[in-house]
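Structure, as structure tokens:
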Amino acid sequence: MGPLTGTKLIELAGIGPGPFCGMMLADMGAEVIRINRTNETPRFADVLARGRKSIAVDLKEPRGKALILELCKSADAIFEGFRPGVTERLGLGPDDCMAVNPSLVYGRMTGWGQDGPMAHAAGHDINYISLAGALHAIGPKGGKPVPPLNLVGDFGGGGLLLAFGLVCAILEAQKSGKGQVVDAAMVDGAAILMAMFFSLMGAGSFREQRGSNLLDSGAHFYDTYETSDGKFISVGSIEPQFYALLLEKAGLDIDEFSPQMDQSRWPEYKDKVSDVFKSRTRDEWCDLMEGSDVCFAPVLSLSEVHEHPHNKSRNTFVELAGLMQPAPAPRFSRTSAELSHGPREPGEDTRAVLAELGYSSDETDSLFKAGVIA
């Protein structure tokens with residue numbers, strides 16, 4: 001069982017970062033009860049919804065609100081991803097929930113945060129990482145900023161930040177006996193992910209022009225390259241000894257490429273390195289470089305990753321509920337995490353959860369008939 005076994009959280013279901021947070025916590029063994037809408041119909045099997053129980057509740061109904069507050073009494077935390085003020089209007093804000101459980105942690109996931117001039121405006125990952133400076137730094141030289149999917153705002157700076165905040169606050173509540181609100185904003189999370197680059201900029205070693213720096217495809221030894229079969233490989237030969245090995249295995253002249261950090265020559269070097277890598281297939285370069293200290297890897301598609309020998313040996317990807325998906329991470333030496341089940345249908349566990357709360361069959365049937373639960 002995972003390290004969070006014995007921890008109980010309530011998830012007011014939303015999209016993107018909230019479900020990712022719930023998945024991470026459930027993967028680690030926490031009991032997460034996901035509150036879905038009574039009229040919700042899943043469009044597809046959602047990996048982000050794995051490992052949780054699901055009950056369907058109409059939060060606008062007084063008896064639905066009462067049910068959530070009843071769940072809060074025995075929970076360590078509750079978290080939501082609505083705009084600021086929504087749960088307060090539902091009667092399920094921090095004050096309402098912590099009134100029935102003073103040690104309850106209340107997690108809030110938003111893009112802009114609970115306050116500030118933009119707090120009530122709509123937005124998405126691309127907007128939050130724009131305001132944090134992250135998007136400006138990503139993209140080719142001379143080109144426009146390129147969205148890194150929604151990994152930086154929604155997931156890295158959002159869901160993971162909220163999961164971290166919830167665990168921190170739960171640990172503190174175990175000592176103090178007092179709950180608190182965790183304000184996780186994606187703009188804050190994206191900003192903190194850029195911490196190293198603020199250091200580099202302060203030291204005068206980071207240019208704001210995209211594609212001109214060590215880690216943003218500016219360097220010829222830290223980039224992706226197309227191979228002769230139209231696929232791609234990646235190299236990250238930063239350290240001198242790794243760089244020397246790259247040149248040796250690629251058949252490049254060490255003397256010609258010896259001023260590794262001469263940025264004025266990076267464009268020239270990159271053209272030559274590109275030509276070399278395009279002379280062989282991806283598999284041929286893998287045979288030559290993979291597993292060496294070149295700092296090399298093939299660029300794999302989502303449909304390929306589970307077949308790679310390294311991923312197979314570590315069971316980095318698993319098949320669950322008919323879907324290939326990432327296994328729980330990180331790993332623990334003693335309290336290993338295990339996937340219990342895939343995503344539940346909305347409301348699949350309603351009867352079981354209510355029975356655990358002490359509701360009789362007649363009481364549950366009455367709620368079903370009234371449309372309070374589904």
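As a basis for the values below, the full set of heavy atoms in this structure was taken, side chains included, without hydrogen atoms, waters or symmetry mates.
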Might you work through the side-chain contact (heavy atoms from CB on, under 4.5 Å) test for K312 and E307, ending with a clear yes or no? CA-CA 6 Å; K312 289 178 75 171; E307 293 292 350; 3.8 Å; yes

Testing the basics here: between [X] and [Y], what is the closest heavy-atom pair and its distance to 0.1 Å?
{"X": "M186", "Y": "G158", "result": "CG-CA, 3.7 Å"}
{"X": "M261", "Y": "I238", "result": "CE-O, 4.1 Å"}
{"X": "L247", "Y": "I254", "result": "CD1-CA, 4.1 Å"}

Just by modelled atom types, is the [Y] backbone N or O under 3.5 Å from a matching donor or acceptor in the [X] side chain?
{"X": "E80", "Y": "F82", "answer": "yes"}
{"X": "N213", "Y": "G218", "answer": "no"}
{"X": "Y128", "Y": "G157", "answer": "no"}
{"X": "T281", "Y": "D229", "answer": "no"}
{"X": "D125", "Y": "G153", "answer": "yes"}
{"X": "S237", "Y": "C295", "answer": "no"}
{"X": "S130", "Y": "L135", "answer": "no"}
{"X": "S228", "Y": "R280", "answer": "yes"}
{"X": "N311", "Y": "V305", "answer": "yes"}

Report whether [X] and [Y] are members of the same hydrophobic cluster (ILVMFWY, side-chain heavy atoms less than 4.5 Å apart, transitive linking).
{"X": "Y106", "Y": "I170", "answer": "no"}
{"X": "M24", "Y": "I192", "answer": "no"}
{"X": "M196", "Y": "V152", "answer": "no"}
{"X": "L131", "Y": "I129", "answer": "no"}
{"X": "L215", "Y": "M194", "answer": "yes"}

For [X], does the [atom1] atom have more than 12 heavy-atom neighbours from other residues, nucleotides or ligands under 6.0 Å away?
{"X": "F332", "atom1": "CZ", "result": "yes"}
{"X": "L288", "atom1": "CG", "result": "yes"}
{"X": "E268", "atom1": "CD", "result": "yes"}
{"X": "H124", "atom1": "NE2", "result": "no"}

Taking the six-membered ring for Trp, are F20 and F155 parallel (under 30°), tilted (30 to 60°) or perpendicular (over 60°)?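 The rings of F20 and F155 sit tilted, inter-plane angle from 30° to 60°.
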
Do S366 and Y359 pass the side-chain contact (heavy atoms from CB on, under 4.5 Å) test, and can you show the C-alpha distance, the side-chain angles, and the key distance before you say yes or no? CA-CA 11 Å; S366 173; Y359 282 67; over 6 Å; no

What distance do M23 atom CE and E11 atom CD have between them, rounded to the nearest 0.5 Å? 11.0 Å

Pair [X] + [Y], salt bridge at N-O below 4.0 Å:
{"X": "R210", "Y": "D216", "answer": "no"}
{"X": "K175", "Y": "E172", "answer": "no"}
{"X": "D365", "Y": "R351", "answer": "yes"}
{"X": "R37", "Y": "D58", "answer": "no"}
{"X": "R282", "Y": "E304", "answer": "yes"}
{"X": "R52", "Y": "E31", "answer": "no"}
{"X": "K65", "Y": "E61", "answer": "no"}
{"X": "E226", "Y": "K231", "answer": "no"}
{"X": "E88", "Y": "R108", "answer": "yes"}

Before you tell me yes or no, could you show the steps for L367 and E363 under side-chain contact (heavy atoms from CB on, under 4.5 Å), namely the whole-Å CA-CA distance, both residues' side-chain angles and the distance that decides it to 0.1 Å? CA-CA 6 Å; L367 293 175; E363 289 173 318; 5.7 Å; no

Are E348 and R34 close enough, and set up right, to give a salt bridge (charged side-chain N to carboxylate O under 4.0 Å, His left out), and what steps lead you there? CA-CA 10 Å; E348 186 172 339; R34 182 173 164 91; over 6 Å; no

Would V57 and N36 count as a side-chain contact (heavy atoms from CB on, under 4.5 Å) here? Give the steps. CA-CA 6 Å; V57 181; N36 291 102; over 6 Å; no

[X]-[Y] side chain donor-acceptor pair, cut-off 3.5 Å:
{"X": "D362", "Y": "S360", "result": "no"}
{"X": "S103", "Y": "N101", "result": "yes"}
{"X": "K141", "Y": "S217", "result": "no"}

Would you check if F232 and Y225 make a side-chain contact, meaning some heavy-atom pair closer than 4.5 Å?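 The answer is no, as the side chains (C-beta and beyond) never meet within the 4.5 Å cut-off.
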
Within the structure provided, determine whether P140 and V146 are in side-chain contact (heavy-atom separation under 4.5 Å).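 P140 vs V146: side chains touch.
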
Less than 3.5 Å apart, which donor and acceptor atoms pair up between the side chains of residues 110-117 and the rest of the protein, not counting sequence neighbours?
| unit_1 | atom_1 | unit_2 | atom_2 | d |
| --- | --- | --- | --- | --- |
| T110 | OG1 | G113 | N | 2.9 |
| W112 | NE1 | A121 | O | 3.2 |

My understanding is that only one of V32, I78, L92 makes a side-chain contact (heavy atoms from CB on, under 4.5 Å) with I10; could you say which? I78

Identify which one of W266, Y269, Y243 satisfies the ring pair (Phe, Tyr, Trp, His ring centres under 6.0 Å) criterion when paired with F257. Y269

